[in-house]
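When a ligand or atom number is given, it counts from 1 through the structure's own listing order.
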Amino acid sequence: MTPEQIESAVAAAMPQAVEELRRLAAIPSVAFPGHPEEPVFAAAAMTEELLRSVGLPRVQQVPVEGSFPAIFGEAPAPPGMPTVLLYAHYDVQPAGDPAAWRTPPFEPTLIDGKLYGRGCADDKSGILSHITALRAFQGRFPVGIKVIIEGQEEYAGERLEAFVERNPGLLRADAIVVADTGNPRIGDPAVTTSLRGMAAFTIEARTLREPLHSGSFGGAAPDALAALMRMLTSLHDDNGDIRVPGLPRGTFLGQGPSEEEFRKTAGVLDGVSLVGSGSLADRLWASYAITVTGLDVPTVSGAVNAVQPAARARVTVRVPPAGDPKATVNAVVEFLRKVAPWGVELSFTDLTVGSGFQADSGGKARAALNRAMERAFGRPPRDVGAGGSIPLVNTLLKQFPAAEILLFGAEDEDAAIHAPNERVDLEELRRVATTEALFLHELSLPSALGV
Ligand SMILES: [Zn+2]
């Protein structure tokens with residue numbers, strides 16, 4: 001096929017892709033404990049059906065111990081051709097407060113060229129990007145294809161990693177496309193070359209056997225909540241820079257957003273300043289960030305006049321790609337112990353860690369992707385970092401050190417992933433699917449094969 005034929009095949013397949021995305025995003029496949037499992041299995045079944053529909057000769061559900069099945073599809077490589085692995089996930093974040101949604105989260109709704117609904121972008125757009133790119137070839141794929149769509153990425157997605165480690169042959173590939181990120185702005189092409197890792201833990205501070213009347217005891221009795229707040233606020237200085245020793249600021253080699261763009265996407269209120277020092281790219285993609293993501297404290301409506309005996313917080317640390325999440329947690333915990341006032345009792349529990357990712361400078365697959373993206377978007381991509389982590393990426397990198405891992409997708413920064421009113425721009429999805437199809441074609445050309 002010629003590039004022109006590929007482009008028009010993708011364009012012709014878009015109405016079907018949109019219908020399929022609507023159907024898939026209508027399934028509340030939340031793979032978190034406490035949510036019904038049946039929709040997750042329904043999304044797995046539909047993903048399997050979609051992979052079959054594009055003419056992959058081998059498609060199967062792969063059981064993953066302690067988790068939901070992954071869907072695997074494969075078409076062998078034509079002689080002399082490389083194999084590309086395509087990754088996405090079919091589970092989604094919980095919808096959160098339905099009142100914060102303008103449209104019902106699991107009734108995908110088209111408004112001004114964007115499809116609204118939980119999972120429309122993250123990551124069911126990734127699934128439809130793969131499906132639409134593959135469909136363009138009508139079963140005659142230019143390179144070897146493997147597809148893996150996992151079912152528990154959003155919640156402690158580490159089960160598939162163990163599976164990959166035990167079955168390295170299944171996913172072996174020369175290049176890996178991870179369709180679970182996006183461009184800084186719609187139509188502004190980018191490849192994500194770095195992901196921050198993550199570490200999180202729960203801290204509990206205890207001071208008393210039980211709550212005490214604040215009139216009779218306040219002023220002398222040590223308040224656990226006050227102690228915890230002092231400790232948490234000491235993590236940052238007045239400018240918002242981290243005070244924990246051993247977590248230096250990094251530098252990102254590439255261009256980040258301007259302050260104006262960032263304020264707009266982040267919805268920062270007028271008159272409120274940003275925090276931290278260094279360029280925004282450095283702060284967002286190459287440096288540590290500590291956020292208190294939860295507090296177990298009395299609510300305002302349930303407040304009684306008491307000095308608190310215990311208080312808990314969830315602390316999340318984003319770790320730059322080169323950083324070690326375990327060492328990072330140790331540094332933060334040691335710092336919190338040091339700043340703890342009044343000899344309070346402390347415990348640290350529920351630790352989770354995930355490594356970051358740094359792409360190498362780029363080989364043949366990246367060069368092919370640059371050509372494909374330039375054609376689909378009208379300009380070549382730039383490198384960007386992303387704050388989120390995709391746990392499987394590091395496992396793949398470890399298992400297949402020679403494979404090039406390419407991260408791009410239709411989750412632009414305005415897509416509100418993990419938030420209310422998640423949406424995907426359907427023109428962006430078309431450009432991403434076109435990029436993917438052109439990329440597969442480019443990889444089969446003699447120039448990419450180096451012959
Ligand atoms: Zn995702």
TODO: Could you list the residues that satisfy ring pair (Phe, Tyr, Trp, His ring centres under 6.0 Å) with Phe252, not counting sequence neighbours?
DONE: Trp285
Task: Candidates Glu48, Arg52, Met46 - the one meeting side-chain contact (heavy atoms from CB on, under 4.5 Å) with Ile71 - done: Glu48
Task: Minimum heavy-atom distance between Arg172 and Lys146, given as atom pair plus value - done: O-NZ, 2.9 Å
- [ ] For the Zn ion (ligand 1), check which protein N, O or S atoms are under 2.8 Å away and list them.
- [x] His89 NE2, Asp122 OD1, Asp180 OD1, Asp180 OD2
Open item on the list: Going by side-chain contact (heavy atoms from CB on, under 4.5 Å), name the residues that satisfy it together with Thr299, two or more places apart in sequence or in a different chain.
Closed with: Ser301
Open item on the list: Among residues at least two apart in sequence or on other chains, which ones pass side-chain contact (heavy atoms from CB on, under 4.5 Å) with Glu107?
Closed with: Pro104
Open item on the list: For Ala31, is there any backbone N or O sitting under 3.5 Å from a side-chain donor or acceptor partner on Asp91?
Closed with: no
